[in-house]
There are 2 protein chains.
Amino acid sequence: MAAVTNLEDSNSPDTVAAAPRAGKSAPTIYDIAEMAGVNPSTVSRALSKPGRVSAKTQKLIEDAAATLNYRVNVFARALPTGRTHTVGLIVSDITNPAYFDVIRGAEAAAAGEDYTLMLAESAESAAQELTTAQRMLATVDGIILASPRLADPEILALAKEKPVAVINRQVDGVHSIVADIDAGVGEAVRHLALMGHTSLAYVAGPEKSWMSARRWESLKARCAWSGLDAVQVAAGAPTVEGGRRTAAAVRASGATAVFCYNDLMAIGLMQELQLAGVVVPDKISILGFDNIFGSDFTTPPLSTIRSPLREAGAEALARILADLKGAGSDGAAEPLPTELVLRGSTGRVS
Amino acid sequence: MAAVTNLEDSNSPDTVAAAPRAGKSAPTIYDIAEMAGVNPSTVSRALSKPGRVSAKTQKLIEDAAATLNYRVNVFARALPTGRTHTVGLIVSDITNPAYFDVIRGAEAAAAGEDYTLMLAESAESAAQELTTAQRMLATVDGIILASPRLADPEILALAKEKPVAVINRQVDGVHSIVADIDAGVGEAVRHLALMGHTSLAYVAGPEKSWMSARRWESLKARCAWSGLDAVQVAAGAPTVEGGRRTAAAVRASGATAVFCYNDLMAIGLMQELQLAGVVVPDKISILGFDNIFGSDFTTPPLSTIRSPLREAGAEALARILADLKGAGSDGAAEPLPTELVLRGSTGRVS
DNA sequence: AGCCGTTTGTCAACCGGTTGCCAAAAGTTG
DNA sequence: CAACTTTTGGCAACCGGTTGACAAACGGCT
């Protein structure tokens, strides 16, 4: 488990000063109370309940707090309130660059609201995801699950404890942030059809991945509509290595264009195919999903369907904060847009 | 310790929109005390001070804790002790894949000791790194700084508060985990000399980067020893984009082989050079550092000097934990080994 | 049994905030 | 100016653990 802390605190990098008080311990609201000549509870209110005390006392207390360089003790605050100003984010695989943007987006949104992000990974394991989530439950105010491998009931159980938002998944009763993959897939299929492809294939990701199934359905539907063939030819771990392993099945399928569950797999597949002498895109076109870091390093650079991951992260965090603030959780927002990023791994059928 | 599969009441009040309901309060040591017929403080000791209570009572208490499915309230514990069982890790840029392994290594080491990792990023800014670190100080037991941009005195100041370990940097008086770059650089220079190169160049990273300076020194020393020319020709942000910007300077230098501060820069440089029609490695050989994810996606695949980042992360965490446990393990361990990874971006001089 | 040194468990005082309840102070109104 | 309403600040009781001091219980020994 790891956390991304934000840094709204504009405390001066005070070189020295440390503790104006003799003792080394940090100043408390009692110190402030004494200095301002009021009761500790008044200090507490001044600092956390805006408007509860008079402007005059407020100023008095804020000044005292400033000169003492006071910072709340988050543990002391969390003990009675249960609130930690922290939101957890669990990703299925931290080495998947696709999560960069999710993390960045959530982090930025958190920082803006004076919240801290706690990051953890589940190593593509549903069991680990569950234990991690339950461990987190004790120390965070809400949880974001990015591409969860958990089953719906488990997610709902978590949501009963604390606000939960899922990314790349649709779970009824839980904030679900999903990209409108139909848009990107539609664009891609149209493009491939134009290039003369008639037989498309899909390489699936993990079987527990809701998004993998969703992508396949979208592709299938679109192909049916366009009168193209579409088959799912393989599945595997959503990694470069996983993609490599599907090469044989893909070749055997005879398809001239193949969609992969994500860019990582697409890259692995392309590498393996090229190793076997298959020219991309002349012999076969390859498409990924996500547009991750490095997807343009390959030769040819990978064509892919871009998802607004950063926005997804920010949106997930915003939903949780809204829940926390008691604001009535609004309905499902409209899905985020996706778009086709055309590079060199797709081309005219030979 | 104990895995906690706690699904409790499965009575679903139908599809209520994410009620942040607190749930029935978690069991406390008071509940355990009552169940076991002892005093709460005895429970506390049984659970945290091994050997302080008799084996009989110990068992009694552990059983009660197990049946109640008890978990300590970390806030309640942290309040009087100040210990949070959390270690912070600050990386300079979370989108740099080089940190994947650092994070993974530290995370694994932490999990093994029942600690939690808190991750933060400083966005390559020394100021932000400092505020982030100071903010973290309040909630972690120790801090790991990966490739810090901070100045030594600032790092030492942090180390005075809580245990600190730095990765990719040498700071006297602070746990410093550095790779033995001389080994990898030596290998690389020997290889290039063999290939006929006589004029090498170095593209530096951020000026505040200790590691960048160190790499340059190592290269310079090695070249002097081998009778080769070596010049630092440019510097820039340690990113793909930063690497691109150095292309002109690199070309102008006339060097036939260039080391880049890291793989990201090497990739950017190579892309820009190729765009200008320079053939790699025929016209110019390129070497990176770190062996990051994606460095083998390029054409030609990047030759690089591999650092044991994962081990570094684990080692840093171990040092901090040792400090925390009071074991004054000061001794600077021997540096971690590096090695040359030869791929396609280096070759015989034309 | 009497004495003495260990264990082992209990009491109570924190750690540093939050918050319900109440009374004093301030502000309004007739 | 009295009666009444609204603010504002203080008191004290938590939140759930940890820990020093101390006494009761225990065990060994003469």
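Each chain gets a letter, A, B and so on, in the order the sequences are listed, and its residues count up from 1.
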Length of the line joining [X]:[atom1] and [N]:[atom2], which is rounded to integer Å:
X	N	atom1	atom2	answer
B:L47	D:dT18	CG	C1'	12 Å
A:F75	D:dG17	CZ	C1'	13 Å
A:R83	C:dG17	CZ	C1'	16 Å
A:K56	C:dA25	NZ	P	13 Å
A:L60	D:dT8	CG	C1'	14 Å
B:N73	D:dG16	CG	P	7 Å

**OP:** Hey, could you give me the CE/CE distance between B:M118 and A:M118, rounded to the nearest 0.5 Å?
**Re:**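 Going from CE on B:M118 over to CE on A:M118, the span is 3.5 Å.
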
Original post:
Closer to the 5' end of DNA chain C via nearest nucleotide, is it B:L79 or B:S54?
Top reply: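 Going by which nucleotide is closer to the 5' end, it is B:S54.
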
**OP:** Have a look at A:S44 and say if it touches a base, only the backbone sugar-phosphate, or nothing, with a 4.0 Å heavy-atom cut-off.
**Re:**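 Counting heavy atoms under 4.0 Å across all strands, the contact made by A:S44 includes a base.
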
Original post:
Under 4.0 Å between a Lys/Arg side-chain N and an Asp/Glu carboxylate O for B:D93 and A:R104?
Top reply: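 A salt bridge links B:D93 with A:R104.
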
Subject >> Minimum-distance pair of heavy atoms, taken over all atoms of B:A109 and B:L317 >> reply: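 Between these two residues, the closest heavy atoms are C-CD2, 3.7 Å.
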
Subject >> Short side-chain N/O contact to D:dT19 OP1/OP2 from B:K49, under 4.0 Å >> reply: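 Yes, such a contact exists.
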
**OP:** Tell me whether the OP1 or OP2 atom of D:dG17 has a side-chain N or O from B:T81 closer than 4.0 Å.
**Re:**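 No, B:T81 has no side-chain N/O under 4.0 Å of OP1/OP2 on D:dG17.
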
For nucleotides 10-14 of chain D, list the nitrogen or oxygen atoms of the protein found under 3.5 Å from its nitrogen or oxygen atoms, one pair per line.
unit_1, atom_1, unit_2, atom_2, d
D:dG10, OP2, A:N39, N, 2.6
D:dG10, OP2, A:T42, OG1, 2.7
D:dG10, O6, A:R45, NH1, 3.2
D:dG10, O6, A:R45, NH2, 2.9
D:dC11, OP2, A:N39, ND2, 2.8
D:dC11, N4, A:S41, OG, 3.3

**OP:** State whether a side-chain donor-acceptor pair under 3.5 Å links B:R52 with B:T42.
**Re:**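 Their side chains do not contain a donor-acceptor pair, so the 3.5 Å distance test is not met.
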
**OP:** Side-chain contact test, heavy atoms from C-beta onward, threshold under 4.5 Å: evaluate it for B:E107 versus A:I94 and give yes or no.
**Re:**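 Side chain of B:E107 against side chain of A:I94, heavy atoms only: no contact under 4.5 Å found.
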
Original post:
Relative to the ring of B:F100, is the ring of A:F100 parallel (under 30°), tilted (30 to 60°) or perpendicular (over 60°)?
Top reply: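 Plane angle between 30° and 60°, so tilted.
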
